[in-house]
Amino acid sequence: MAFRLIVFLYKALHIHIFLPKLSPPSSSSFFFFNPQYHFHLLNYILPVSFQRQKATMASAGVLRTCSFCSTLTATSLTNSNLKFNSVMITAAQRNNSSEDKINTMVTSEQKQGRRNPRLRRSLNFTGEKPSTPVLDTINYPIHMKNLSIGELESLAGEVREEIVYTVSKTGGHLSSSLGVTELTIALHHVFDTPEDKIIWDVGHQAYAHKILTGRRSRMHTIRQTGGLAGFPKRDESIYDAFGAGHSSTSISAGLGMAVGRDLLGKKNHVISVIGDGAMTAGQAYEAMNNAGYLDSNLIIILNDNGQVSLPTATVDGPASPVGALSKALTNLQSSRKFRQLRETAKGFTKQVGGQAHEIAAKMDEYVRGMVGGSNACLFEELGLYYIGPVDGHNLEDLVHILKKVQSMPAPGPVVLHIITEKGKGYSPAEIAADKMHGVVKFDAMSGKQLKAKSKTLSYTQYFAESLIAEAERDEKIVAIHAAMGGGTGLNLFQKRFPERCFDVGIAEQHAVTFAAGLATEGLKPFCAIYSSFLQRGFDQVAHDVDLQKLPVRFAMDRAGVVGADGPTHCGTFDTTFMACLPNMVVMAPSCETELMHMVATAAAIDDRPSCFRYPRGNGIGSILPQNNKGTPLEIGKGRVLKEGSRVAILGYGTIVQNCLAAAKHLQVIGISATVADARFCKPLDGDLIRQLVKEHEVLITVEEGSIGGFNTHVSNFLGLNGLLDGKLKWRPMMLPDRYINHGSQTKQIEEAGLSSRHIAATVVSLIGGDKDSLHLLKL
């Protein structure tokens, strides 16, 4: 049976692929029984690595050449009448595809030579509202369907102008969207959204998508209170198939949609767009592995711009791509010939039925082993069809290839690898060290960002300077971040200690366990990860670090509300999920000086894990320790900042500053309040809490975190120690049990009810204050 199936497949390949282009002797039996014919068939299908093996066989007399070998070229696949239309890499290669390997496109200058020359107007980046005659006719993707390639290219220029003009006024993510402008246009031109689903990984590259899907008139509100979100959001538009903000989720979500579609008997397409940075995360590979197994039709577009770490800047310029993935992407080749054989075989085995599928699968596995060799494509090994690399800024090529992929009846999971340039078309972004990844308002002509001057540095910078000071005195200190050197400040540490700083890519789970491994060797790892991103590595924190009491130090940046990035990046939950771990020391500084002391404290803790959280934004101007070198704090001890009488306010973290401001409001209306800084959530300062309860009739505890955090630990302590059995009036204040939408941090704190006036008003309500008191507080 197996032999007959192989015979059948070879005949099928011969009849449906080779006969239309070849003129061999008339006897079909000559082909099938001639070993030299099968030799040339393999010569056609297999890549260079196997042909080298074949050459060795020929030299040994195992194989001999024949008179018609020169007629078997790759051009035989370009017949438009073929039942299976192979996917060509570029439109210009349709009549010249004899090369087995596709050279990687590195620079835009190299790409230009392959394009059909068209006159393009210079783009308007003067800061004035650009003229957009084509874009003005586009309200929704359906309006793009009849545009010619030339009109689509004009549209791409206008969309770029619109993005630069808009973001220069609002701030936001700039270069990611500029890099996928052509791709976005091609996708909406070819596919029928919203019936066809486009999932944008991370989502900061979706500005062009928003402009083309009915939201252009609201782009001036992006990332502002009540305005458009900076990322795709399902309740914002039916064109946003899946919400995003964190990386590497698009393939998993897309596969779920594809399988759901199949179960419901639908026929729509699902497209996941993922960058090379997001491809460094394990979830992407888990999803691809499952996609190859399930074999549902799914299109994965790999946007390769060589910027694996985000933001990309180091102190001295662009960061080199992280990990082996970036090297692998530069060596990928298209396996169109093998793909042709597989697809033809798939069609015939479906007709044969029975055990044909199982036998064909084993044959497929065998041929894959021959085809792959040392240059095997990772995606093909996972069972995904690979196409590329493709010039991601050539609309003609993109449209042609996407139409080919769209028309395939049952391709299974497909990876389309495109090469793009981050910030494409806007020179200031192209040459900037960080490619202008995330920007504040800027001058559109020069690209100069209009950053507000501050007398103080960011908490991120204070953390980095303090860690450097510790590392200068302790050579065992090392630092780890997950593709966020600029965001965490560890680019400063990397410049000072390049051998002791590790960028692991967008791989928080790996970062945590990697740090645990370092700790077992006696090193002192500081793992700096945004609060919301550390959520992705919680199991590793619990299982690999806390359970083993390994002294890993977690620096949790962007704790609390974060402003324009919104709920996807809001550091709400870290105190809750870290303080529930039995061995973890959990701290939060009230100012930049305290942050430096906590860095020193964490460095000194060598028998268990520890963590400290700090917010987005600048310090308050507190007096810094000499040479930025903090002093270790006594574990589990808070402090009283202001003495009062009737009321005690106990704050945790930088919200302590609002507590001090609230005390000033209360002083105006004749209420004296004590203000204390808890410093530690775990272990709690039980003596301090007992003192506050004993000396005051009202206790207010305040944190910029979720239910289950600091207030919960205080509540547990009060209850277990009978401190709620008397006349104490206690009220916890925390972030509400819902997600807070994007906007300014000040407005988010107001919405959460954690401003100084809200704290003061809570005190007034507990001591029986009158309405005049609330009026004085402007409430």
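On a predicted model such as this, the values are computed, not experimentally measured, just so you know. Throughout, numbering of the chain's residues begins at 1 and tracks the sequence.
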Please confirm whether the backbone N or O of [Y] pairs with a side-chain atom of [X], one donor and one acceptor, at under 3.5 Å?
X: K682; Y: V586; value: no
X: K435; Y: E430; value: yes
X: E751; Y: K747; value: no
X: S715; Y: N711; value: no
X: E594; Y: A588; value: no
X: Q657; Y: T654; value: no
X: E236; Y: A229; value: yes
X: Q540; Y: V545; value: no
X: S248; Y: A278; value: yes
X: Y462; Y: L457; value: yes

4.5 Å side-chain heavy-atom contact, [X] and [Y]:
X: D557; Y: F463; answer: no
X: P428; Y: M436; answer: yes
X: R553; Y: P525; answer: yes
X: H204; Y: F231; answer: yes
X: P625; Y: T593; answer: yes
X: I163; Y: L174; answer: yes
X: F577; Y: V541; answer: no
X: P589; Y: H597; answer: no

(request) For side chain to side chain contact (heavy atoms under 4.5 Å, CB included), just list the numbers for L492 and E465, CA-CA rounded to whole Å, side-chain angles, deciding distance to a tenth of an Å, and then say yes or no. (result) CA-CA 8 Å; L492 301 173; E465 295 293 350; 4.2 Å; yes
Could you grab the distance from atom [atom1] of [X] to atom [atom2] of [Y], nearest 0.5 Å is fine?
X: N618; Y: T460; atom1: CG; atom2: OG1; answer: 9.5 Å
X: S272; Y: I199; atom1: OG; atom2: CD1; answer: 4.0 Å
X: M279; Y: Y285; atom1: CE; atom2: OH; answer: 4.5 Å
X: N658; Y: L660; atom1: CG; atom2: CG; answer: 9.0 Å
X: K210; Y: S237; atom1: NZ; atom2: OG; answer: 8.0 Å
X: M734; Y: T572; atom1: CE; atom2: OG1; answer: 13.0 Å

Aromatic rings [X] and [Y]: how do their planes relate, parallel, tilted or perpendicular, breaks at 30° and 60°?
X: F493; Y: F497; answer: tilted
X: F533; Y: Y530; answer: parallel
X: F573; Y: Y739; answer: perpendicular

Closest non-hydrogen atom pair between [X] and [Y], with its separation:
X: G560; Y: E704; value: CA-OE2, 3.4 Å
X: P232; Y: W200; value: CG-CB, 4.2 Å
X: V512; Y: G537; value: CG2-O, 4.2 Å
X: I655; Y: E703; value: CG2-CA, 4.0 Å
X: V504; Y: A511; value: CG2-CB, 3.7 Å
X: N290; Y: L255; value: OD1-CD2, 3.6 Å

(request) With sequence neighbours excluded, give me every side chain to side chain donor-acceptor pair (under 3.5 Å) pair touching residues 517-527. (result)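 Sorted pair list: D474-K524.
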(request) Assert yes or no for the condition that the ring centre distance of F710 to Y652 is strictly below 6.0 Å. (result)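 Distance test on ring centres: under 6.0 Å, yes.
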When you check the side-chain N and O atoms of [X] and [Y], is any donor under 3.5 Å from an acceptor?
X: T601; Y: R679; result: no
X: E592; Y: T456; result: no
X: Q224; Y: T221; result: no

(request) Could you check H246, H742, H173 and say which one makes a ring-ring contact (aromatic ring centres under 6.0 Å, His included) with H569? (result)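 Of H246, H742, H173, ring-ring contact (aromatic ring centres under 6.0 Å, His included) with H569 is met by H246 alone.
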(message) Test side chain to side chain contact (heavy atoms under 4.5 Å, CB included) on F538 and L581; report intermediate values, then the result.
(response) CA-CA 10 Å; F538 175 72; L581 299 173; 4.0 Å; yes
(request) Step by step, work out the side chain to side chain contact (heavy atoms under 4.5 Å, CB included) result for L735 and V561. (result) CA-CA 9 Å; L735 292 175; V561 297; 4.1 Å; yes
(message) A quick test of your reading: do over 12 heavy atoms of other residues, nucleotides or ligands sit less than 6.0 Å from NZ of K637?
(response)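 Yes, enclosed.
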(request) Inspect the surroundings of CG in D737 and state if more than 12 heavy atoms from other residues, nucleotides or ligands are less than 6.0 Å away. (result)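 Counting neighbours around CG of D737, 12 or fewer heavy atoms of other residues, nucleotides or ligands fall under 6.0 Å, so no.
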Note: [X]-[Y] ion pair, threshold 4.0 Å (strictly below):
X: D240; Y: R215; result: yes
X: D677; Y: R639; result: yes
X: R558; Y: D565; result: no

(request) Only pairs at least two apart or in different chains count here, so list each salt bridge (charged side-chain N to carboxylate O under 4.0 Å, His left out) that has a residue in residues 581-591. (result)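 Pairs touching residues 581-591 that pass the test: none.
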(request) Scan residues 571-589 for pairs that pass salt bridge (charged side-chain N to carboxylate O under 4.0 Å, His left out), counting only residues two or more places apart or in two chains. (result)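 Non-adjacent pairs meeting salt bridge (charged side-chain N to carboxylate O under 4.0 Å, His left out): D574-R613.
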(request) Evaluate the side chain to side chain contact (heavy atoms under 4.5 Å, CB included) criterion for residues Q205 and T184: first the C-alpha distance (whole Å), next the side-chain angles of each, then the deciding distance (0.1 Å), finally the verdict. (result) CA-CA 9 Å; Q205 76 280 54; T184 305; over 6 Å; no
(request) For the pair K629 and E472, evaluate salt bridge (charged side-chain N to carboxylate O under 4.0 Å, His left out) and give the outcome as yes or no after the intermediate values. (result) CA-CA 10 Å; K629 174 68 175 69; E472 286 175 341; over 6 Å; no
